[in-house]
Protein chains: 2
Amino acid sequence: MDIVKPSILPGFMELLPEDQILFNKIKGIIEKNFKLYAFAPLDTPVIEKTEVLLAKGGGETAKQIYNIESSTKDMSLRFDLTVPLARFVAEHYHELSFPFKRYHIAKVYRGERNQKGRYREFYQCDIDVIGDEKLDIRNDAEIPAIIYRIFKELKLDDVSFHINNRNILNGFLASLGVDSLVAVLRAVDKLSKIGQDKVLEILTDESIEKDKAEKILEFISINGSNRQILDSLKSLEIREENFVNGLSELETVYEYMLKFGVSEEAIKIDLSITRGLDYYTSTVYETFIKGYESIGSVCSGGRYDDLASNYTKKKLPGIGISIGLSRLFYQLKNADLIKIKAGSVADAIIYTMGDFDEQALSLAEILRKEGLKIQLMFEDMKFKKKMTYANNLKIPYVIIIGEDEVKENKYTVKNMESGEQALLEIDELLELLISGK
Amino acid sequence: MDIVKPSILPGFMELLPEDQILFNKIKGIIEKNFKLYAFAPLDTPVIEKTEVLLAKGGGETAKQIYNIESSTKDMSLRFDLTVPLARFVAEHYHELSFPFKRYHIAKVYRGERNQKGRYREFYQCDIDVIGDEKLDIRNDAEIPAIIYRIFKELKLDDVSFHINNRNILNGFLASLGVDSLVAVLRAVDKLSKIGQDKVLEILTDESIEKDKAEKILEFISINGSNRQILDSLKSLEIREENFVNGLSELETVYEYMLKFGVSEEAIKIDLSITRGLDYYTSTVYETFIKGYESIGSVCSGGRYDDLASNYTKKKLPGIGISIGLSRLFYQLKNADLIKIKAGSVADAIIYTMGDFDEQALSLAEILRKEGLKIQLMFEDMKFKKKMTYANNLKIPYVIIIGEDEVKENKYTVKNMESGEQALLEIDELLELLISGK
């Protein structure tokens, strides 16, 4: 038979078991926290109608989308989880209760140019709260607080939530009489990458007068403590409605993030983040790991006035955030930032010396009832090879059942890390394994 | 803006939150048990090279496969989880330890004709144990025992594992001098659907002499208790090697299934199941829900001598089983067979009467620390509407914090099912919510 070389396509992530266990542990922590905040699970099809996915219009997205070959249907793979959410909420509006809180952890697909740490198939972990007609601003503070809690549990304590409200800049520009909003947002978005001078150049190229361009730069460079920034903005005494509302919302989000338990040090009001090319309309977030800002934002999101305008006339404002888990995992591994333990595929493995299957089985049953992951070994292997096997799988304990053990109704347990060995009664064994989990 | 009708493609399953919670609960029970038996998670790309997916050859599979449009690569969506496993094990042979036990719960894709309860995207829940060169027969008994445990936890007590070993029939046919093996397997597979006469007709059409065809039918109709069937087979005194080995293996699998805790009533040695068109080589399983046999097998699998022969010259025997979860879920719902409770998106929702955000937040924190799913409500709604919201989401408890509660440092809790209301201290509240989970 012809042998086909076993390999996957470039740009796709596939992990070996040890890393997969770690990846799943992180994914599990994210999901657990989403659930603790009462988000409902959603699981939409990976394949959707192309016209639905591209309802908002083509552009970059259309170029990156994976289409399915079909003579009868136009179908493609989703490129994010927000468009399917919008479609779902519009489709099932009458079956849902609002505010509708949903989480979705799943793979999305983008035929991007292949580069390190960028994947064509990657996990997104999204939460969104969708309101019917309106949605309270406090939701904008709860969302990053949930992410904060997740990062803490992942032992990534040193994160910084950069928050802003697009209406502040919009209002400021309106007060200056500048209306080339998109151009400004685009330029401002690049500030951290290209520096003030270049941004100034772009702005004046966009036929914004030099003094106004300088004012814009000055504005987005307002800095200091969060409180100082808010005060500086207030002291500008701009009456423009967008500005006033944006500032008031930003202040509320900031104050409520503190109330929700996010530490002052983890919040950074940052007038330069605008997520210019996204569909956000007011609150925006980006999240950075301190000292690793070059990785980029590890979790971004914001508020959109009208989630599903491509699919329904209902006005459905929403707030959401997304962790790009595959990329984050790659970067955390690379930067050696993963401090949680992966755990092993098994808490213990049982080896028999002699015909003691029944004893092994009944012990395994007892241990599994306590939630312990237990492997039995049926293969005929030399003892040394069995120990190597346990070592390779990083199984912390080997339990040996032989003639002596059965006679005494005890179990020999070897700690594979320390090499220590002990003869234990069932209760002692249980205690050891449960404490070691 | 043009409105695009929000809808999904036919043949794709998408659930509303309440059903999704139930679906995920079932999926969670399956995954938990796979982990208790020390299977490692695997998560291969949904998109693979077409040549890898179709290495075994085309046929039905090639017709059903979803190809991705691409000018540079031949890529398709996986149609099962076994082919990716084979590719993975061959590719990473030197990085794995054998026996390699992996579980994989994920979506697969088949462009099947659209019919009720058949999906084009569906979850498979697979476990496989892969050996290097050899794999002990006791693995063939542990696999269905795991499924048995899962069905028990799903309160589907009345399942029946039909087990067989293909070598028994192969050996029997060899002893008769019949060599049109595939034709016989195909015919025998249809026995329960078309009856004995039709099968006899097909067999004789395949130029099998009538007396031999009758012997084949007689053979696969051997019945009685499991022990009786084994005894009947032994009493045939066939010396053909395949037959002897197959029978010995089947007996071992049967006896070990009992040892692994599967009840005698849940095991049915069934010489008519062969899974003729699959790649199994000895042990085969199908699983039926008693009284609902018409649903078909809800979980099938078996042993293959050589998992990855399309990708490597290494001999890698394996044993595996698969639950087609999307289809199973659809059928269980339809037959009203789901006896476990879905649970709600939240264990409780907190409503404030007045400006008591801080009290609500700190209560939510306390409750979430205990693993309780807690929703806060920020929206400005009439009290009646709030109660309707909790009712719609089937949240079992509403906690109310108003002036009196704050003064007394207590919480009003309403049981949404009974309508009972009580004023509780924090400890009492915790106890109530935890016990109600």
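Chain naming here is simple, since letters A, B, ... match the order of the sequence lines and numbering starts at 1 in each.
By number of non-hydrogen pairs under 4.5 angstrom with chain A, the leading residue of B:Ile137, B:Ile21, B:Leu135 is B:Leu135. Contacts with chain B were tallied for A:Arg102, A:Lys373, A:Arg368; A:Arg368 has the most, counting heavy-atom pairs under 4.5 Å. Of the listed residues B:Thr44, B:Ile47, B:Leu42, B:Val52, the one with more heavy-atom pairs under 4.5 angstrom with chain A than any other is B:Ile47. Heavy-atom pairs under 4.5 Å with chain A were tallied for B:Phe23, B:Tyr389, B:Phe12; the largest tally goes to B:Tyr389. Between chain A and the residues B:Ala90, B:Ser97, B:Ala346, B:Pro99, the largest count of heavy-atom pairs under 4.5 Å involves B:Pro99.
With a 4.5 Å cut-off on non-hydrogen atoms, B:Lys73 touches chain A through its side chain but not through its backbone. Heavy atoms of A:Leu15 lying under 4.5 Å from chain B belong exclusively to its backbone. Proximity to chain A is limited to the side chain of B:Tyr256, based on heavy atoms less than 4.5 angstrom apart. If you measure heavy-atom distances from A:Phe122 to chain B, you find no contacts under 4.5 Å at all. The contact between A:Thr312 and chain B is made entirely by backbone atoms, counting heavy-atom distances below 4.5 Å. Only the side chain of B:Glu358 comes within contact range of chain A, with heavy atoms under 4.5 Å apart. Looking at B:Phe34, there are no atoms closer than 4.5 Å to chain A (heavy atoms on both sides), in backbone or side chain. Proximity to chain B (any heavy atom under 4.5 Å) is restricted, for A:Met13, to the backbone atoms N, CA, C and O. For a residue to count as touching a neighbouring chain, one of its non-hydrogen atoms must lie under 4.5 Å from one of that chain's; by this rule B:Leu77 touches chain A with the side chain only. If you measure heavy-atom distances from B:Asp43 to chain A, the contacts under 4.5 Å come from both the backbone and the side chain. In this structure, the portion of B:Phe39 lying under 4.5 Å from any heavy atom of chain A is its backbone and not its side chain. There is no contact between B:Glu18 and chain A, counting heavy-atom distances below 4.5 Å. Residue B:Tyr103 touches chain A through its side chain alone, counting heavy-atom pairs closer than 4.5 Å. Interface remark: A:Asn67 contributes backbone and side-chain atoms alike to the contact with chain B (heavy atom separation under 4.5 Å). Contacts of A:Leu372 with chain B are made by backbone atoms alone, with heavy-atom separations under 4.5 Å and no side-chain atom involved.
For the pair A:Ile374 and B:Tyr37, the minimum side-chain heavy-atom distance is 4.5 Å or more. In this structure, A:Glu69 and B:Tyr66 have side chains that are not in contact, with every pair of non-hydrogen atoms separated by 4.5 Å or more. Using a 4.5 Å heavy-atom cutoff, the side chains of B:Glu14 and A:His92 are in contact. At least one side-chain heavy atom of A:Glu379 sits less than 4.5 Å from a side-chain heavy atom of B:Asn139. Taking the side chain as every heavy atom from C-beta outward, B:Phe100 and A:Leu393 never approach each other to under 4.5 Å. Within the 4.5 Å cutoff, no side-chain heavy atoms of A:Lys49 are placed close to those of B:Ile8. Residues A:Lys101 and B:Val345 are not in side-chain contact: their nearest non-hydrogen atoms beyond the backbone lie 4.5 Å or more apart. A:Pro45 has its side chain out of reach of B:Arg120: every pair of non-hydrogen atoms, C-beta onward, lies at least 4.5 Å apart.
A salt bridge is absent between B:Lys134 and A:Asp380; no separation between the charged side-chain nitrogens and carboxylate oxygens falls under 4.0 Å. Using a 4.0 Å cut-off between charged side-chain N and carboxylate O, B:Arg138 and A:Asp357 make a salt bridge.
Side-chain atoms of A:Glu51 do not come within 3.5 Å of backbone N or O of B:Val4 as any donor-acceptor pair. Between the A:Arg87 side chain and the B:Pro6 main chain, no donor and acceptor come within less than 3.5 Å of each other.
A:Asp74 contributes atom CG, which lies 9.5 Å from atom CG of B:Leu9 (distance to the nearest 0.5 angstrom). Rounding to the nearest 0.5 angstrom, the gap separating the CG atom in A:Asn392 from the CD atom in B:Glu95 is 12.0 Å. For the atom pair B:Leu36 CG and A:Glu365 CD, the distance stands at 9.5 Å (nearest 0.5 Å). Distance check, rounded to the nearest 0.5 Å: OG of A:Ser309 to CG of B:Asp2 gives 11.5 Å.
Closest heavy-atom contact between B:Ser7 and A:Glu48: O-OE1, 4.3 Å. Scanning both residues, A:Glu121 and B:Val46, for their nearest heavy atoms gives OE2-N, 2.8 Å. Nearest heavy-atom pair across B:Phe260 and A:Leu361 is CE2-CD2, 2.8 Å. When all heavy atoms of A:Lys369 and B:Arg149 are compared, the closest pair comes out as N-NH2, 4.2 Å. In this structure, A:Phe88 and B:Leu16 approach most closely via the heavy-atom pair CZ-CD2, 3.8 Å.
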